[in-house]
Amino acid sequence: MVEHAKHRPLVKTGLIITFTLLASPVAACRLALVLAMDVSSSVDASEDQLQRVGLATALLSPEVQTAFFASNDPVALAVFEWSGRSHQTDVLDWVLIRSPTDLMIAADVVKQSTRSAAGLPTAIGHALAYASIKLDTAPRCLFQTIDMAGDGINNDGFGAQITYATFPFDAVTVNGLVIAGQANDTLSYYETEVIRGPGSFVETAQGFSDFEVAMRRKLVRELSAIVTGQLHDPSGQNG
């Protein structure tokens, strides 16, 4: 009896800790969002800068900020650049966007980033594979979305469909942002080969000078869809 009484404080402390943990669930994340920027040989230095500044500016636009903070549950954001089959480089690693300050810091990282490779081909399948691996390290979120921005079709390594057959994409939505230019078949390619999942879509920028405006439209659309519950079935195919 004395022995049991000696351990009562320890038991009581353990119960308090257990109940405290149960009463404090892990904060919910509504969306893990990966943004992929094309830096292949078809993108020159000025166009690359328009892409980086355009993304940073779009993230801080009033309508995008409203979409980010339309829910109390944060969005996890990551950005990487891609081109050839062996070139995928992080621009912004995973960060939880809980406040306008978080979004401002993330946008500044993107704006201040510099291109790490040039003159390489367009390996969309490999970029999608890298994005899938990035999602494996993302915070636990209700939904996962990959945004592929590009101005051309795959011309290096395996294509998107092989990636989808090889890597886990069952609960992932893939949207596209096509930069319209000389490759007139890019939009059709993205619509038939790249986008995937419930509610998936392609946004079009009329050249890199229109990248910011197109990115704003795309971010508002996909962030709003998560909040309003339009993406109700994360196991679907093309939307």
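Sequence positions, counted from 1, serve as the residue numbers for this chain.
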Would a 4.5 Å heavy-atom cut-off, applied to side chains only, mark I97 and P74 as touching? no
Looking at E63 and R216, is any side-chain nitrogen of the basic one under 4.0 Å from a carboxylate oxygen of the acidic one? yes
Scanning both residues in full, the closest heavy-atom pair of L120 with G84 reads CB-N, 3.8 Å
My understanding is that only residues two or more places apart in sequence, or in another chain, count here; which of them pass ring-ring contact (aromatic ring centres under 6.0 Å, His included) with F167? none
Using a cut-off of 6.0 Å, state whether more than 12 heavy atoms not belonging to D136 lie near its atom CG. yes
Write down the atom of A56, the atom of A107, and the distance for their closest heavy-atom approach. CB-O, 3.3 Å
Using the side chain to side chain donor-acceptor pair (under 3.5 Å) criterion, which residues pair with N154? Sequence neighbours excluded. none
For a quick test of reading the model, state the closest non-hydrogen atom pair linking S116 to T89 and the distance between them. OG-OG1, 3.5 Å
Can you tell me if D38 uses its side chain to pair, donor with acceptor, with the backbone of D151 under 3.5 Å? yes
Does any non-hydrogen side-chain atom of L92 lie less than 4.5 Å from one of V95? yes
For a quick test of reading the model, state the closest non-hydrogen atom pair linking F201 to N175 and the distance between them. N-OD1, 3.1 Å
Would you say T166's side chain and T163's backbone share a donor-acceptor pair under 3.5 angstrom? no
